[in-house]
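Take a look at the structure set out below.
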Number of protein chains: 2
Amino acid sequence: MKSVDNLTLADQVLMKFQEDIVRGDVAPGSKISESALATKYGVSRGPLREAISRLESRGLIERAPNVGARVVSLSYQELIELYQIRESLESLACRLAAENMTDEDIKHLKALLHEHKQDQNFKDGTAYYKQQGDLDFHYCIIYGSKNKKLIHLLCEELYHLILMYRHQFSNISKHPQKAFTHHQRIVEAIEERDGELAEILMRRHIQKSRTVVETYFENQNAQES
Amino acid sequence: MKSVDNLTLADQVLMKFQEDIVRGDVAPGSKISESALATKYGVSRGPLREAISRLESRGLIERAPNVGARVVSLSYQELIELYQIRESLESLACRLAAENMTDEDIKHLKALLHEHKQDQNFKDGTAYYKQQGDLDFHYCIIYGSKNKKLIHLLCEELYHLILMYRHQFSNISKHPQKAFTHHQRIVEAIEERDGELAEILMRRHIQKSRTVVETYFENQNAQES
DNA sequence: AATACGTGTTTTGTCGACAAAATAGCGTTT
DNA sequence: AAACGCTATTTTGTCGACAAAACACGTATT
């Protein structure tokens with residue numbers, strides 16, 4: 001799917017570094033030394049600066065002129081703001097998907113859902129697969145919208161931030177079966193080409209996961225006090 | 001408002017170059033020569049490449065590895081897609097603005113509106129003021145949402161693209177008085193802290209301007225055939 | 001003892017030069 | 001005449017080095 005090795009060094013560093021940030025290997029809020037990272041990834045400072053520059057515009061890094069860059073560290077408030085945006089954009093994507101997905105696409109989506117059902121029946125513990133499955137589902141719908149700019153916004157600019165936080169907080173939904181039911185209903189709506197309903201269902205689905213984040217933080221605050 | 005001169009060269013070039021693109025001084029689709037631009041703006045290729053890199057992630061420039069960069073040239077379809085996103089995000093911003101604007105903010109917004117009314121009464125011809133006024137209005141509401149990521153997305157990542165096309169097509173609304181009425185009603189809803197209504201009104205307002213774009217393209221196609 | 005100042009060091013920003021890839025132009029071949 | 005391949009030139013990608021700004025630390029002063 002991804003064309004091979006005619007990638008620039010800056011692009012390779014970008015991907016590696018982004019992965020490291022999302023996985024939490026480099027802590028949020030930690031300062032970034034250009035020369036240190038350059039040697040770490042085995043490149044000069046030129047390509048590295050380009051990678052930093054792009055990660056900055058993706059919101060994963062904050063930079064101040066003449067001072068340096070540091071990995072972003074979202075506050076609770078900012079995370080909620082992020083979810084508001086995601087809610088708006090991904091419900092839009094879902095409506096467009098109901099309108100624009102090909103029958104092939106829908107078949108693929110249903111297969112994905114069926115696969116998750118299997119996985120879940122005898123193994124609804126291990127978080128990794130569920131998370132990956134959830135991701136696949138959402139990506140599939142986003143791409144189904146056929147809106148290139150929207151796909152870029154969600155997949156390249158927003159989702160990495162969300163994933164970074166998911167990883168950091170091990171924020172796996174406590175209600176996998178509920179999430180699965182949501183997914184099922186969304187697919188039904190898409191299958192019936194009911195964009196309006198699909199949009200509403202997706203909005204609620206994400207609202208729900210936002211609520212999970214909110215209660216997580218409330219509990220954390222309660223523990224602290 | 002903007003802190004002064006501790007800006008990096010790359011930032012200055014970024015602003016100048018972006019302005020040139022949005023104003024249409026450099027034609028959409030035209031190829032970008034790094035060395036040529038570097039000499040034009042009086043900097044080395046380093047900072048210039050950084051500026052290009054950022055403009056790429058803002059969607060104003062497209063770049064292929066080892067080939068070079070060119071100013072983006074949106075198709076009709078892509079422009080419509082852009083408006084869909086704007087519709088979704090800016091209506092969200094409007095709802096949040098109704099919830100989060102301070103009374104001061106609202107006062108400022110009303111003053112803005114009043115100012116436009118004056119301007120419009122005796123001078124509803126000259127497009128520039130109206131366009132600038134329209135911009136001020138929308139920016140004011142976007143900032144009123146108090147959602148930093150949303151503000152960044154709309155003002156830094158999306159609006160420049162839209163402005164570029166507005167300029168290119170001289171796409172000034174043919175119904176300034178209607179737009180003004182829309183603005184008025186939106187402000188009323190915000191004043192009453194009715195987020196739901198404000199959201200709907202903003203959505204319709206932008207839908208309307210999308211329709212203007214659509215009819216423009218239809219007419220153009222009709223002329224061509 | 002605390003603050004202010006000055007020096008030395010690190011880090012960022014910028015530049016010019018080199019290497020590799022792509023483009024253009026020419027000649028050859030079918 | 002058209003298409004293929006080769007060479008020359010331009011353009012992009014990458015690097016190392018220099019300049020300026022920020023930071024750290026020790027000293028002097030009140």
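The sequence lines fix the lettering, A, B, ..., with proteins before strands; numbering per chain opens at 1. Atoms considered below: every heavy atom in the structure, side chains included; atoms not considered: hydrogens, waters and symmetry mates.
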- Salt bridge present between B:Glu81 and A:Lys149 (N-O < 4.0 angstrom): no

- Task: Answer yes or no: is there an ion pair linking A:Arg63 with B:Glu50, defined by an N-O contact shorter than 4.0 Å?
- Result: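 Salt bridge: yes.
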
- Message: What does the B/S/- profile of nucleotides 7-20 of chain C look like, 5' to 3', with a 4.0 Å heavy-atom cutoff to protein?
- Response: -----BBBB-B---

- Message: Just by distance, no angles: are the side chains of B:Asp134 and B:His183 close enough, under 3.5 Å, to form a donor-acceptor pair?
- Response: yes

- Message: For B:Asp11, is there any backbone N or O sitting under 3.5 Å from a side-chain donor or acceptor partner on B:Thr8?
- Response: no

- Message: Is there a side-chain hydrogen bond (donor to acceptor under 3.5 Å, both in side chains) between A:Tyr159 and A:Glu90? Walk through the geometry before answering.
- Response: CA-CA 11 Å; A:Tyr159 249 81; A:Glu90 217 170 322; 3.1 Å; yes

